[in-house]
Amino acid sequence: MAAYSISKPTKKPKLKKNQVQLIASGDLRLSANQNCWEAQEQMEAALTQAVEAAGYEIVRAHPYDETEKHGFIGSQKQGMQVFENIDPHAPLIVAEAVWQYSHHVLSGLATHQGPILTVANWSGTWPGLVGMLNLNGSLTKAGVEYSTLWSEDFTDKYFTTRLKKWLTTGTCKHATKHVKPLKKVKVSGKERKLGESLAAQMQSEKAIMGVFDEGCMGMFNAIIPDHLLNPTGLYKERLSQSALYHESTQVKDAEAKAVRKWMEDKGMTFHTGPTHETDLTDDQIHKQCQMYIAAVRIADDFGCDCIGIQYQQGLKDLLPASDLVEGTLNNQDRPPVTSRDGKRELYAGEAIPHFNEVDECAGLDSLITYRVHKAMGQPVENTLHDIRWGDHDATGKVDDYIWVLLISGAAPPAHFIGGWKGADGLRQVPMYFPAGGSTLRGISKPGEIIWSRIYVEDDRLKMDLGRGGVVKLSKKETERRWNETTPQWPIMHAVTYGTSRDQMMARHKSNHIQVAYAKSAADADKALLAKASMAAELGIEVALCGTRADGKEW
C-alpha cells in the first residue's frame, strides 16, 4: 500500500535574545509600493537606530525585491510565505511609513506567539499612522494582543521610553484616562428617551445597508459580522459593483448632464483639462454623474437606508473615481434623481448616507447619526474622514493641536465653507486612479462637531464618541497642510476636546473617524448623548472620550 506524501514543515529560524524581527506590510498596488519605498527605507533606518540605542538588533524578515523595486509585503500570499520563515516566538515589529493592507499580514500576526509592536511614522505625506491605525483596528477585531507606538523622528522620550519597555517586557501601555464608560455618565431623560425610542424603531422596523462588494483596501476591521450587525436592526444587502457599472452605462446622457448643470448652478467649480491620464476631463465628470444616478436607483431598488461603494480595487480600471458621487449622496441638498420611468423622485429631500470604502462600521454609525440628528433638527450630513495627520498651527494664531482630517470621498458640501460654492473638483491622483474622476474638495467650516467610531472587540460592537470643534486657519496654513497631505481632497481642521494626540492614537481602533456638525456647543453635547443612548440601546458598548467644549467632564 502506497504511503501518502506530505511535505516537511519549514524549519523556523531562532533569533538571539537581543534580536527583534521587522516586517513591513505594503499596498496591493505595485505603483504605490514603488513610489513609497524610499519613505519606508528612511523610517526603518531611524527606527533601527532607536532599537540599537536600546541595546537590541533589528533582523528584517523579508528582503528588498530587485524585480518589483520595493521591500514591502505586497499580498496576502506573500505575507503567509514570510511568516513561514520567521521565529514564531521572537519579538516582532510591524513598521509602517505608508498606507498598508492589513490582510497581507493578519494571518501571520494572528498565530505569532511572540510580542508584537506596531510602529508608525508621524507624517502627512507618508501616512504610516493611517495604515497603522487600520492594522491596530484589525488586530483588535481579530483578538490579537499587540502594543503600538508612533513618532516623528523616533528620538522623543515618549517613544524611546516605551520602546525600551516593550523590548524588555514585551508590552508597553498608554494612559487613556480620557475614556469614560457611558454607564458612568449622567444622561438627561430627554436625550436618553429619544435615543432609546430611535433604537426601538430601528430594531422593530429594521433597515438595510447596501454593500457594493464587501472588503476594501485590506480593512478587515471595517467588516461587521452579521451576527453582530443584525441585532441592531440593520441588515446587509450584498450588492455587486459590476451591477453599479452596468447601471451607470444605462443612464441617459441628458440625465447626467442635468446633474452636472445642477452642481455648477449651485456654484461648484470643476478644474478640467484635455489629457485623460493627468487631467480631469469632461468625460470623466459625465461618467461620475451617471454613477451618481445609478447608485441612487439601485439603493431605491433594494430599499437601502445607507450604502457603501468599495470602488478602489473593483472599479478603478472601468470607471472614474466615486468621490464626487459619495459626497453628493451624503448631502441633503443634492441633484434630484428620478426612477427610470421618470415618475418618482427618489429619496426626495433626503441625503443617502454613504460610507466610503464600504467601511461598515462607519455605515452603521452614519445611519445612527442621521436618524438622531434628523429627529433633533440638527444637520444630518455626516461623513467619515481619515485621521491623516496632526500638527500645531505654524502661524501661531491657533494654540490647540489641530488634526488634519482628510478623505478622498464622502465629504458633503454642507460641511464646507460656502457649501456648494466652496466646493471644487480636481482630478484624483493618477497613481491610484488611472480612470481619473473629480474629487469633491472643500475646507470644512468652523463649528461644533461630534466625532465617533464603531469598532469590533471581544466579538462585540463598541463605540467611542467625543466632542470637537473645527477651527478656521489662514489660507497659508491650510495650503501648507494640504501640500503636506493630498491637496485634491476635502480637509477638516479639527480639535478634539479633552483628547490629546497621543490619547487618540492610543485608543482609536481605525484609520477612519466619523464626524457631524451641530448648530451650537450645547446642541452638540445633547446630540452626542442622544446618539450614545441610541447606540447603547442597540446593544453597542459605548464610551465617551475627552470633555465637553467648556472642558468639563461628562
Side-chain angles (χ1 to χ4, degrees), residues 13-26 36-64 70-73 82-83 85-100 105 108-109 112-133 135-136 139 144-176 389-392 401 484 500-507:
K14 184 172 177 58
L15 269 62
K16 298 177 182 178
K17 188 175 181 180
N18 70 330
Q19 290 181 323
V20 180
Q21 301 166 115
L22 182 146
I23 63 171
S25 181
C36 298
W37 175 243
E38 184 177 354
Q40 178 72 22
E41 273 191 308
Q42 293 172 358
M43 181 262 197
E44 288 187 24
L47 177 58
T48 297
Q49 287 184 344
V51 172
E52 290 176 348
Y56 289 76
E57 177 189 357
I58 288 284
V59 178
R60 204 170 197 279
H62 51 102
Y64 176 86
H70 68 83
F72 290 109
I73 296 173
V82 168
F83 274 91
N85 295 284
I86 68 172
D87 185 339
H89 303 286
L92 176 65
I93 294 176
V94 187
E96 296 301 336
V98 296
W99 174 255
Q100 59 80 48
V105 295
L109 293 173
H112 189 68
Q113 299 170 58
I116 297 169
L117 177 68
T118 63
V119 179
N121 59 343
W122 195 265
S123 167
T125 306
W126 307 106
L129 70 95
V130 185
M132 186 189 74
L133 283 171
L135 180 59
N136 289 353
L139 291 172
V144 178
E145 292 187 7
Y146 66 96
S147 298
T148 186
L149 284 173
W150 51 90
S151 180
E152 291 188 26
D153 60 10
F154 306 102
T155 64
D156 59 280
K157 186 177 180 181
Y158 189 93
F159 174 79
T160 56
T161 55
R162 285 167 175 78
L163 175 65
K164 181 69 172 180
K165 183 75 171 178
W166 181 80
L167 289 168
T168 55
T169 69
T171 186
C172 66
K173 298 185 181 299
H174 308 273
T176 55
W389 181 50
D391 198 8
H392 288 94
Y401 190 82
E484 286 285 328
S500 69
R501 183 196 83 166
D502 293 334
Q503 287 173 330
M504 178 66 79
M505 291 295 294
R507 172 73 178 187

task = Would you mind telling me which of Val20, Leu22, Thr118, Leu109 makes a side-chain contact (heavy atoms from CB on, under 4.5 Å) with Leu92?
result = Leu109

ask   = Are Phe83 and His62 near enough that their ring centres are under 6.0 Å apart?
value = no

ask   = What do you reckon, are the aromatic ring centroids of Trp37 and Phe72 less than 6.0 Å apart?
value = yes

message = Once rounded to the nearest 0.5 Å, what's the spacing between atom CE of Met132 and atom CH2 of Trp150?
response = 6.0 Å

query = Side chains of Asn121 and Gln42: closer than 4.5 Å at any heavy-atom pair?
reply = no

message = Is a donor from one side chain sitting under 3.5 angstrom from an acceptor on the other, for His112 and Tyr146?
response = no

ask   = Under 4.5 Å between any side-chain heavy atoms of Pro91 and Trp166, yes or no?
value = yes

task = Indicate the atoms forming the closest heavy-atom contact of Val105 with Ser25, along with that distance.
result = CG1-CB, 3.8 Å

request  = Answer yes or no: is there a side-chain heavy-atom contact under 4.5 Å between Tyr56 and Lys17?
outcome  = no

query = Do the non-hydrogen side-chain atoms of Gln503 and Thr176 ever get within less than 4.5 Å of each other?
reply = no

ask   = Can Cys172 and Leu163 be said to form a side-chain contact (heavy atoms from CB on, under 4.5 Å), step by step?
value = CA-CA 7 Å; Cys172 66; Leu163 175 65; over 6 Å; no

task = Using a 4.5 Å cut-off on heavy atoms from C-beta on, say whether the side chain of His174 contacts that of Asp502.
result = no

request  = Take Trp122 and Asp391 through the test side-chain hydrogen bond (donor to acceptor under 3.5 Å, both in side chains) and record every step on the way to the result.
outcome  = CA-CA 10 Å; Trp122 195 265; Asp391 198 8; over 6 Å; no

query = Which distance, rounded to the nearest 0.5 Å, do you find between the CG of Leu129 and the OG of Ser151?
reply = 12.0 Å

ask   = For Ala39 and Ala97, which heavy atoms make the closest approach, and how far apart are they?
value = O-CB, 3.9 Å

query = Is there a donor-acceptor contact under 3.5 Å linking the side chains of Asp153 and Thr155?
reply = yes

key: Any side-chain heavy-atom pair of Leu47 and Ile93 under 4.5 Å   = yes

task = Calculate, to the nearest 0.5 Å, the distance between atoms CD and OG belonging to Glu484 and Ser123 respectively.
result = 7.0 Å

ask   = For the atom pair CD1 (Ile73) and CD1 (Ile23), what is the distance rounded to the nearest 0.5 Å?
value = 4.5 Å

task = Check for a donor-acceptor pair, side chain of Tyr401 on one end and backbone N or O of Ser500 on the other, with a separation under 3.5 Å.
result = no

request  = Write out all pairs satisfying salt bridge (Lys or Arg N to Asp or Glu O under 4.0 Å) with one or both partners inside residues 154-170, taking only residues at least two apart or from two chains.
outcome  = none

ask   = Can you tell if the side chain of Phe154 reaches within under 4.5 Å of the side chain of Val51, non-hydrogen atoms only?
value = no

ask   = Do Gln21 and Asp87 pass the side-chain contact (heavy atoms from CB on, under 4.5 Å) test, and can you show the C-alpha distance, the side-chain angles, and the key distance before you say yes or no?
value = CA-CA 8 Å; Gln21 301 166 115; Asp87 185 339; 3.6 Å; yes

inquiry  = Could you check whether any side-chain N or O of Glu52 sits under 3.5 Å from a backbone N or O of Ile58, counting only pairs where one atom can act as donor and the other as acceptor?
reply    = no

inquiry  = Tell me the closest heavy-atom pair linking Ser147 and Gly170, and the distance in Å.
reply    = OG-O, 4.3 Å

ask   = How about Pro127 and Trp389: do any of their side-chain heavy atoms sit closer than 4.5 Å?
value = no

key: Derivation of the side-chain contact (heavy atoms from CB on, under 4.5 Å) call for Asn136 and Met505   = CA-CA 10 Å; Asn136 289 353; Met505 291 295 294; over 6 Å; no

ask   = Between atom OG1 of Thr171 and atom CG of Leu117, what is the distance when rounded to the nearest 0.5 Å?
value = 9.5 Å

request  = Please name the pair of heavy atoms, one in Ala95 and one in Gln40, separated by the smallest distance, quoted to 0.1 Å.
outcome  = O-NE2, 3.1 Å

request  = If a pair satisfies salt bridge (Lys or Arg N to Asp or Glu O under 4.0 Å) and one of its residues is in residues 88-98, list it, with sequence neighbours excluded.
outcome  = none

key: CD on Glu145 to CD on Gln113, rounded to 0.5 Å   = 12.5 Å

request  = Just grab all the salt bridge (Lys or Arg N to Asp or Glu O under 4.0 Å) pairs involving residues 36-49, residues at least two apart or on different chains.
outcome  = Glu44-Arg60

His70 ring center near Tyr64 ring center (under 6.0 Å) = no

